Amino acid sequence: MGRAHANALARLPMFFPDAPEVERHTLVGRDRDALAGAADRFGFAHTATDWEAAIDEVDVFYNLGPNHVHAEPSIAALEAGVPVLCEKPLAPTLEEAAAMRDAAAATGATAGTAFNYRFVPAIRYAKGLIEDGELGEIRQVRGRYLQDWLVDPEAPWAWRMDADMAGSGALGDLGAHTIDLANFLVGEEVGGIDRVSGQLTTFVDERPVYVDGDAAGEADAEVAEYRDVTVDDAYSAQVAYDSGATGTFEASRVAEGHKNDHAIAVHGSEGSVKFSLERLNELEVLREGNRGYETVFVTEETDPYVDRWWPPGHVIGWEHTFVHENYEFLSAVAEGKSFEPSFADGYEVQQVLAAIQRADKLGEWVEI
């Protein structure tokens with residue numbers, strides 16, 4: 001995420017000249033020697049191993065660290081009057097997410113949760129169709145996020161596999177994106193989420209820590225120890241919305257053959273839309289009276305954000321979603337306005353994550 005956001009900040013002056021001028025001032029991390037090289041690559045003037053000291057030196061604070069370090073630094077920055085953009089999920093626990101939401105509300109400082117998929121042009125196009133009533137009454141939402149980077153049981157242990165640091169596994173890491181995207185697309189049409197079911201599964205209970213770090217697949221890789229995996233490898237959930245609409249969501253980090261397969265579909269009484277991150281310049285649209293879906297290539301100058309990039313038909317990619325996100329966030333900061341997705345939006349997603357975990361534990365539907 002450090003690379004993704006630093007790259008976005010570097011692109012802004014070239015493609016979004018109306019964006020606020022930004023100095024990449026201080027890069028924060030644990031290892032001073034490693035920081036020096038990272039700061040040089042990412043274009044930062046200074047480094048720090050103390051986030052508290054760094055907050056005093058900057059106008060905006062980006063919290064891109066692991067989930068368990070989201071709450072304390074973000075709250076401290078907000079209380080110092082420094083706007084914050086925090087990566088998702090907002091926190092490992094609902095209680096910490098609530099504290100972050102409350103700090104943002106109390107201080108009035110701009111606070112954003114980094115759900116970058118809201119800023120895909122095709123997603124914005126889909127939202128426009130839904131808002132204009134093109135799909136009629138929204139009845140169903142279906143979302144999945146599949147990856148395969150943990151298929152190998154000897155894939156190395158990392159912080160994302162520890163409940164204390166991450167909160168959850170595929171549920172929070174991937175499911176948070178899908179739940180937020182559904183809220184963004186249809187929340188105004190279907191209302192809030194009334195209740196959820198949940199099933200969380202861990203297929204590999206422990207994973208190796210290698211002597212030389214990430215050495216999986218190397219013939220001479222030496223294992224220092226095995227550590228417990230205390231989060232889910234995959235989840236599935238059903239959702240009942242206030243309007244009576246339904247949702248089905250799933251995510252996996254052990255789905256062989258899927259690298260970054262994030263897809264969402266919305267079905268209404270008069271039409272449907274389907275989107276896949278693996279074809280992020282396209283939107284599948286079914287309109288009333290048509291016998292099948294049409295593929296809409298969302299690369300026209302009139303499409304959201306597209307006029308900032310290349311001529312019509314020239315595609316953009318994953319990295320560009322961060323440029324759009326940073327443009328909107330920093331513009332909100334400069335104008336003293338709120339930003340969406342906010343910390344309140346991040347908290348709403350956290351509510352759903354926590355409810356899915358409770359539903360799995362209880363083996364029954366859980367109300368929100």
Side-chain angles (χ1 to χ4, degrees), residues 1 5 51 55 60-80 82-118 143 145 159-184 187 191-196 198 200 230-232 235 237 239 241 247 249 251 325 329 332 338-362 366-368:
M1 288 301 97
H5 286 281
W51 58 261
I55 286 173
V60 181
F61 181 66
Y62 279 38
N63 191 332
L64 314 179
N67 303 346
H68 71 290
V69 296
H70 283 184
E72 184 182 3
S74 296
I75 292 171
L78 291 171
E79 290 177 343
V82 178
V84 176
L85 181 67
C86 183
E87 268 299 333
K88 44 59 49 187
L90 197 55
T93 68
L94 186 60
E95 292 75 20
E96 288 173 295
M100 295 172 71
R101 175 205 58 188
D102 293 346
T107 63
T110 305
T113 309
F115 287 115
N116 62 301
Y117 297 133
R118 287 193 182 201
Y145 204 149
W159 68 266
R160 291 185 185 277
M161 298 159 211
D162 184 280
D164 291 336
M165 288 190 276
S168 61
L171 174 63
D173 185 22
L174 306 177
H177 268 305
T178 311
I179 292 163
D180 178 73
L181 208 52
N183 288 347
F184 176 64
I193 294 175
D194 176 58
R195 59 196 177 102
V196 301
L200 278 65
T230 54
V231 299
D232 56 288
Y235 92 95
V239 168
Y241 290 99
F249 301 106
E325 178 181 52
F329 175 72
S338 59
F339 170 81
E340 290 184 355
S342 64
F343 273 19
D345 295 321
Y347 173 78
E348 287 187 12
V349 171
Q350 202 83 39
Q351 279 187 302
V352 180
L353 302 180
I356 292 171
Q357 288 177 306
R358 290 200 306 275
D360 171 69
K361 186 174 295 185
L362 297 172
V366 168
E367 293 184 353
I368 298 183

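Only heavy atoms go into these numbers, but all of them, side chains included; no hydrogens, no water, no symmetry mates. Remember, it's a predicted structure, so these values are computed and weren't measured experimentally. Residue numbers start at 1 and run along the sequence shown.
Between H177 and Y117, the ring-plane angle classifies as tilted under the 30° and 60° cut-offs.
How far OH of Y62 is from CE of M1: 13.0 Å, rounded to the nearest 0.5 Å. Here the straight-line distance linking atom CG of L181 with atom CZ of R118 works out to 8.0 Å at 0.5 Å rounding. Separating the OG1 atom in T107 from the CG atom in L78 is a distance of 4.5 Å, to the nearest 0.5 Å. Between K361 atom NZ and R358 atom CZ the span is 10.0 Å, to the nearest 0.5 Å. Separation of atoms NZ (K88) and CG (L353) is listed at 10.0 Å; rounding is to 0.5 Å. Within the model, atoms OG1 of T178 and CG of L174 stand 7.0 Å from one another, a figure rounded to the nearest 0.5 Å.
Counting only distance, with no hydrogens or angles, the side chain of Q357 and the backbone of G167 share a donor-acceptor pair below 3.5 Å. At least one donor-acceptor pair under 3.5 Å links the side chain of D232 to the backbone N or O of A170.
You'll find the side chain of D194 stays beyond 4.5 Å of the side chain of I368, heavy atoms only. Between I75 and D102, the closest side-chain pair of non-hydrogen atoms is not below 4.5 Å. You'll find the side chain of H5 reaches within 4.5 Å of the side chain of L64, heavy atoms only. Side-chain contact between F61 and P83: absent, with no pair of heavy atoms (C-beta onward) separated by less than 4.5 Å. Inter-residue side-chain proximity for H70 and M100 is flagged as met; some heavy-atom pair is nearer than 4.5 Å. Residues D345 and E340 form a side-chain contact, since some pair of their non-hydrogen atoms from C-beta on lies under 4.5 Å apart. Counting heavy atoms from C-beta outward, T113 and Y347 have side chains that stay 4.5 Å or more apart. Side-chain contact between N67 and M165: absent, with no pair of heavy atoms (C-beta onward) separated by less than 4.5 Å.
The two residues A332 and T110 come nearest to each other via the heavy atoms O-OG1, 4.1 Å. Taking both residues in full, the closest heavy atoms of P73 and W51 are given as CA-CZ3, 3.5 Å, listed atom of the first, atom of the second, then distance. Counting all heavy atoms, side chain and backbone alike, A114 lies closest to E87 at CB-OE2, 3.4 Å. Closest approach of Q350 to A91, counting heavy atoms only: NE2-O, 2.7 Å. When every heavy atom of D360 is checked against every heavy atom of L200, the shortest pair comes out as OD1-N, 3.0 Å. For the pair A251 and G175, the tightest heavy-atom approach, listed with the atom from each and the gap, is CB-N, 4.2 Å.
Y145 and Y235 share no side-chain donor-acceptor pair at under 3.5 Å.
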Query raised in the report: Please walk me through it: do L90 and V349 pass side-chain contact (heavy atoms from CB on, under 4.5 Å)?
Result: CA-CA 8 Å; L90 197 55; V349 171; over 6 Å; no
**Report entry** Steps toward side-chain contact (heavy atoms from CB on, under 4.5 Å) verdict (V84, F343)
**Finding:** CA-CA 9 Å; V84 176; F343 273 19; 4.0 Å; yes
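Between R160 and D173, at least one side-chain N (NZ, or NE/NH1/NH2) sits under 4.0 Å from a carboxylate O, which counts as a salt bridge.
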